[in-house]
S.K.: 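Dropping a structure here in structure tokens format, bear with me for questions.
Counting from 1, the numbers follow the sequence of the chain as shown.
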Amino acid sequence: QEQLVESGGGLVQPGRSLRLSCAGSGFRFDDYSIGWFRQAPGKQREAVSCISSRDRLTYYGDAVKGRFSIFVDAAKNSLGLHMKDLKPEDTAVYYCAAALSCPLLISEPTYWGQGTQVTVSS
């Protein structure tokens with residue numbers, strides 16, 4: 001059965017760093033575009049980062065460029081997100097997802113996890 005499980009969320013102070021992990025099973029990461037999106041209370045889903053299945057290029061949302069880094073170990077079906085210089089506006093539930101293309105990661109993900117809460121607060 002296809003599954004994605006996130007881990008690594010928590011409470012962190014502004015300016016600090018945090019690393020999220022995502023373990024996949026039941027399908028091959030190489031066959032999909034994979035990445036992260038987030039959703040804060042009362043807000044729409046927001047793209048965080050994605051690695052394209054076509055050319056393995058990485059994409060970042062404007063709000064996180066220069067602060068977040070995505071990394072993948074396709075052999076282990078493992079995805080990660082390193083977040084630095086965190087801000088209160090980064091507070092959200094972060095989801096790991098797989099889709100047929102990066103533009104579809106938010107609107108039509110094929111698989112996604114249950115999410116992990118990240119709270120940035122002093």
Side-chain angles (χ1 to χ4, degrees):
Q1 184 175 355
E2 300 85 0
Q3 191 175 21
L4 289 167
V5 179
E6 304 93 339
S7 61
L11 173 64
V12 63
Q13 293 180 331
R16 304 299 292 267
S17 299
L18 198 65
R19 178 172 291 197
L20 305 182
S21 297
C22 174
S25 59
F27 67 99
R28 293 177 66 246
F29 273 23
D30 280 345
D31 294 337
Y32 294 87
S33 294
I34 51 175
W36 300 86
F37 63 86
R38 65 188 183 185
Q39 188 164 22
K43 295 187 176 181
Q44 293 186 333
R45 289 179 178 179
E46 180 184 15
V48 175
S49 185
C50 185
I51 299 176
S52 171
S53 61
R54 180 185 302 178
D55 51 20
R56 310 319 289 179
L57 290 178
T58 57
Y59 300 90
Y60 294 93
D62 289 340
V64 306
K65 281 180 182 177
R67 299 187 298 120
F68 289 13
S69 297
I70 191 172
F71 51 94
V72 61
D73 186 336
K76 296 182 179 179
N77 259 23
S78 176
L79 181 70
L81 184 70
H82 184 241
M83 308 181 291
K84 66 179 183 180
D85 190 22
L86 283 161
K87 304 175 181 181
E89 50 264 43
D90 293 319
T91 296
V93 178
Y94 284 71
Y95 297 87
C96 168
L100 297 180
S101 67
C102 283
L104 296 177
L105 194 74
I106 293 180
S107 59
E108 296 181 31
T110 306
Y111 310 115
W112 64 96
Q114 81 289 349
T116 185
Q117 176 71 46
V118 172
T119 302
V120 184
S121 175
S122 55

S.K.: Running the 4.5 Å side-chain criterion over Ile, Leu, Val, Met, Phe, Trp and Tyr, what cluster does Y95 land in, apart from itself?
M.R.: F37, V93, I106
S.K.: Taking only residues at least two apart or on different chains, which pairs with a member in residues 7-18 satisfy side-chain hydrogen bond (donor to acceptor under 3.5 Å, both in side chains)?
M.R.: none
S.K.: Determine whether S25 and N77 make a side-chain contact, defined as any pair of heavy atoms from C-beta on separated by less than 4.5 Å.
M.R.: no
S.K.: Can you establish whether the number of heavy atoms outside Q44 located under 6.0 Å from its atom CD is more than 12?
M.R.: no
S.K.: Quick one: list whatever passes side-chain hydrogen bond (donor to acceptor under 3.5 Å, both in side chains) with E46, sequence neighbours left out.
M.R.: R38
S.K.: Listed by chain and number, what are the side-chain hydrogen bond (donor to acceptor under 3.5 Å, both in side chains) partners of T91, not counting sequence neighbours?
M.R.: none
S.K.: For the atom pair CG (D30) and OG (S53), what is the distance rounded to the nearest 0.5 Å?
M.R.: 9.5 Å
S.K.: What heavy-atom pair brings L100 and T110 nearest, and what distance separates the two atoms?
M.R.: N-OG1, 4.1 Å
S.K.: Name all pairs fulfilling the ring-ring contact (aromatic ring centres under 6.0 Å, His included) condition that reach into residues 55-89, sequence neighbours left out, sorted by first residue then second.
M.R.: none
S.K.: Measuring from Y94:OH to L81:CG, what's the distance to the nearest 0.5 Å?
M.R.: 7.5 Å
S.K.: When you look at S121 and L11, which way does the side-chain contact (heavy atoms from CB on, under 4.5 Å) test go after all the steps?
M.R.: CA-CA 7 Å; S121 175; L11 173 64; 4.2 Å; yes
S.K.: Would V118 and M83 count as a side-chain contact (heavy atoms from CB on, under 4.5 Å) here? Give the steps.
M.R.: CA-CA 11 Å; V118 172; M83 308 181 291; 4.1 Å; yes
S.K.: Excluding sequence neighbours, so at least two apart, what forms side-chain hydrogen bond (donor to acceptor under 3.5 Å, both in side chains) with D55?
M.R.: S52
S.K.: Quick one: list whatever passes side chain to side chain contact (heavy atoms under 4.5 Å, CB included) with F27, sequence neighbours left out.
M.R.: E2, L4, F29, Y32, A98, Y111
S.K.: So P88 and P14, do their side chains get closer than 4.5 Å, heavy atoms only?
M.R.: yes
S.K.: Using atom types as modelled and distance alone, determine if a side-chain donor or acceptor of E6 lies under 3.5 Å from a backbone N or O of Q114.
M.R.: yes
S.K.: Of all residues at least two apart in sequence or in a different chain, which pass the side chain to side chain contact (heavy atoms under 4.5 Å, CB included) check with E108?
M.R.: L104
S.K.: Scan for side-chain hydrogen bond (donor to acceptor under 3.5 Å, both in side chains) pairs involving residues 63-72, sequence neighbours excluded, and state none if there are none.
M.R.: D62-K65, R67-D90
S.K.: What pairs of residues pass the ring-ring contact (aromatic ring centres under 6.0 Å, His included) test when at least one of them lies in residues 2-25, not counting sequence neighbours?
M.R.: none
S.K.: Quick one: list whatever passes side-chain hydrogen bond (donor to acceptor under 3.5 Å, both in side chains) with Q117, sequence neighbours left out.
M.R.: T119
S.K.: I'd like to check the side chain to side chain contact (heavy atoms under 4.5 Å, CB included) partners of A23; sequence neighbours left out, ordered by chain and number.
M.R.: none
S.K.: Would you say W36 and I34 are hydrophobically clustered, going by side-chain heavy atoms of ILVMFWY under 4.5 Å?
M.R.: yes
S.K.: When clusters are formed by joining ILVMFWY residues with side-chain heavy atoms under 4.5 Å apart, either directly or through shared neighbours, do V12 and V48 land in the same one?
M.R.: yes
S.K.: If every non-hydrogen atom of A92 is compared with every non-hydrogen atom of A40, which pair is closest and at what distance?
M.R.: CB-N, 3.9 Å
S.K.: Drop me the distance from I70's CD1 to C22's SG, to the nearest 0.5 angstrom.
M.R.: 9.5 Å
